[in-house]
2 protein chains.
Amino acid sequence: MATIRDIAKRAEVSPGTVSFVLNGKGDHMRIAAKTQEKILKIAKELGYLPSISARRLRNSESKNVPVIAILWTLDTRASLISRFLKGIQNKSLFKENLFEILIQPYENGKLSEVESLHTGNKYNGAIIANASDEDLRYIEDSNLKVPIVLYQRKSDKYSTVNVDGKKTGLDVAEFLYEKNQKNVGIVVPNLSSQAVSLRQDGFLEGVNTLGMNNLCVKYGDFSEKGGYDAMESLIKQTNSLPEALFFLSDPMAVGALSACHEYGIRIPEDLKIIGHDNDEQTSYTAPSLTTVHLPVEVMAGACVNQLIGQINQTIETATKEQYETNIIVRKSC
Amino acid sequence: MATIRDIAKRAEVSPGTVSFVLNGKGDHMRIAAKTQEKILKIAKELGYLPSISARRLRNSESKNVPVIAILWTLDTRASLISRFLKGIQNKSLFKENLFEILIQPYENGKLSEVESLHTGNKYNGAIIANASDEDLRYIEDSNLKVPIVLYQRKSDKYSTVNVDGKKTGLDVAEFLYEKNQKNVGIVVPNLSSQAVSLRQDGFLEGVNTLGMNNLCVKYGDFSEKGGYDAMESLIKQTNSLPEALFFLSDPMAVGALSACHEYGIRIPEDLKIIGHDNDEQTSYTAPSLTTVHLPVEVMAGACVNQLIGQINQTIETATKEQYETNIIVRKSC
DNA sequence: TTGTATGCGTTATCAA
DNA sequence: TTGATAACGCATACAA
């Protein structure tokens, strides 16, 4: 990459002159028009790109604030991202530019290829938002240079901001039990996620303990379409649907509502549906969706607090923060 | 902010030693255990924060890639953000870490306070995603140091990636005309946005030209709740609803569907509804929502291309890219 | 117009 | 065995 010195050499002037010209101060500094032209031409030929790092280093007015990376996989679903960023955006520290957010993508299963976690050259700390089981094992065995916080994951080694997924599953089972829905089923996103597995385990354990009947475990894509397809296939293959279905994500539940509508299955009369996340749209479906509230925004803020604490060395050890989920009762169940 | 040299002075060692210790290479460099302790203690006392800029500058393996800032207001709605980022995430240049994304928040109406647009110290270029009319006027009168691209805005001075909002409005009016819906209305988000105004103008012009009747222009918050409230108030205050309503955002249309459901108004029999954006959820509402497809993901990618071209000086002048919208016909209209 | 110092962390070389 | 010194990366302000 060409630097200001490379340009200076070619143009046979000093680096300072190049700097002036490239910053539009050429006239003010009375640099000859010809020289300016020459410099601009060479800069373009060499594809000059100002180094932000050097600029930042130089001008010390702009305080040295922590840089926080958000690592998410390329397949992270939309509703998580927007709620997560909303949670961060509302932090006053962020509004006041007291830390910076860098978006760092990585491919699911290839967290090991993100070198900056080892060099510490790109950010002061990282929030890992959606680690797959594989990536989780990897970092558990690694010694990273930068502090990290895991969102919705467990870890022996790192700070986490989490909920008790198992308890959530149990809660839902109990909720259905008390509503006298004994024949139930569950629809699960087909991805390798600790959070999802725990909810599923908890639910099935609860169903078992309470003497209910689990009629189906159905898998599908983590999306409206996945929920629609799963529901449609259930409708077509079964003569008797369960009394209630627990969808482990709201988008899937929304898709399922649509499928039920299509096939004339009345919610909640013929089938009760309960979702998970409490995404904004769930208040406005027809019927409105009973769902588990996951405090994404609050947890995102907690991730930032946690990480900044570690970066500032005011928080010593890896801490585990746990948040509560609760069932929002609406009309679908 | 404490530097490595500050620590060195206090600890009465050299900066190099401090660097080794803080990077965990103390043992390898055979620094005495006591010295290491002292250094770590002082670093903590002084609240040492490694300067990412200095680190980046030093290790030149990590290429100097363009840093792109996304400037969005604190009140930007969720659905835009997630689709926009999805569009960027899918760019192969981003996956390969050939540019970086910095999230830069600002307060609506206070774009003028974002100094980094003038200093160029924080990023090589910026995408301004949601400029209010006020902020737009400001930048139109300013001389910014970094290249910018405006998303969904017009400008005499800067590159833009836009759609023809007026034409969209006209298209919708014509669409309703051809469906023989002559008594119509429009529901508008109550915010100062060029994009929204243009759609509204186009629609009203079309309604006028085609000899249709515009029965209402209703305002509301840019959200499901805003749409719900607007619809509810329309239902309560009018004896005769329009035959068709155009909502300038999908979340509002979704909220309105919910209100109609609540009040027993059948869609599309009693009232036809058409939204705008084609957010993912609109395929799965009951009934599914007819809406205007806005190619957010594609436009986000175009913003990045445009900006990188300008940063690399391969694109000279401000260029205007225009994308097409089209009406996705589903069941609500 | 130019030369030089500066900002900060890393690291290769040198010294006791 | 323990540590110091100095050069380097890049842009820019300031004195010359």
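Throughout, a chain's letter reflects where its sequence line sits, starting with A, and its residues are numbered from 1. No experiment lies behind these values; they were computed from the predicted model shown.
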Whole-Å distance separating the [atom1] atom of [X] from the [atom2] atom of [N]:
| X | N | atom1 | atom2 | value |
| --- | --- | --- | --- | --- |
| B:Asn59 | D:dC8 | CG | C1' | 12 Å |
| A:Arg5 | C:dT2 | CZ | P | 14 Å |
| A:Leu46 | D:dC10 | CG | P | 13 Å |
| A:Arg55 | D:dA11 | CZ | P | 8 Å |
| B:Phe20 | C:dG9 | CZ | C1' | 11 Å |
| B:Glu12 | D:dA4 | CD | P | 10 Å |
| B:Leu49 | C:dC8 | CG | P | 12 Å |
| B:Arg58 | C:dC8 | CZ | P | 16 Å |

field: Position toward the 5' end of DNA chain D (nearest nucleotide), B:Ser53 or B:Val13
entry: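 Nearer the 5' end of the strand: B:Val13.
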Under-4.0 Å salt bridge between [X] and [Y]:
| X | Y | value |
| --- | --- | --- |
| B:Glu37 | B:Lys41 | no |
| A:Glu140 | A:Lys157 | no |
| B:Glu297 | B:Arg83 | yes |
| B:Glu100 | B:Arg56 | yes |

message: Of the options C:dG9, D:dA4, D:dT12, whose atoms approach the side-chain atoms of B:Ser51 most closely?
response: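 Ranking C:dG9, D:dA4, D:dT12 by closest atom to the B:Ser51 side chain puts C:dG9 first.
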field: Members of residues 24-39 of chain B that approach DNA chain D, where some heavy atom sits under 4.0 Å away
entry: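 Within this stretch, B:Arg30, B:Ile31, B:Ala32, B:Thr35 sit under 4.0 Å of the strand.
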Which part of the nucleic acid, if any, lies within contact of [X], taking any heavy atom under 4.0 Å across all strands shown: a base, the sugar-phosphate backbone alone, or nothing?
| X | value |
| --- | --- |
| A:Thr17 | base |
| A:Asn64 | nothing |
| B:Ser19 | base |

query: Is the count of non-hydrogen atoms from other residues, nucleotides or ligands lying under 6.0 Å from B:Glu96 atom CD greater than 12?
result: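 Result for CD/B:Glu96: enclosed.
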field: Any A:Tyr48 side-chain nitrogen or oxygen under 4.0 Å from OP1 or OP2 of D:dA11
entry: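 For D:dA11, OP1/OP2 do have a side-chain N/O of A:Tyr48 under 4.0 Å.
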task: Would you please confirm or rule out a distance under 4.0 Å between OP1 or OP2 of C:dG9 and any side-chain N or O of B:Asn23?
output: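 For B:Asn23, the contact criterion (side-chain N or O under 4.0 Å from OP1 or OP2 of C:dG9) is not met.
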task: Provide the closest heavy-atom pair for A:Ala2 versus A:Tyr48 in the form atom of the first, atom of the second, distance.
output: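 Here A:Ala2 and A:Tyr48 meet closest at O-CD1, 3.4 Å.
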field: Minimum side-chain heavy-atom gap A:Lys320-A:Val161 below 4.5 Å
entry: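 Not in contact.
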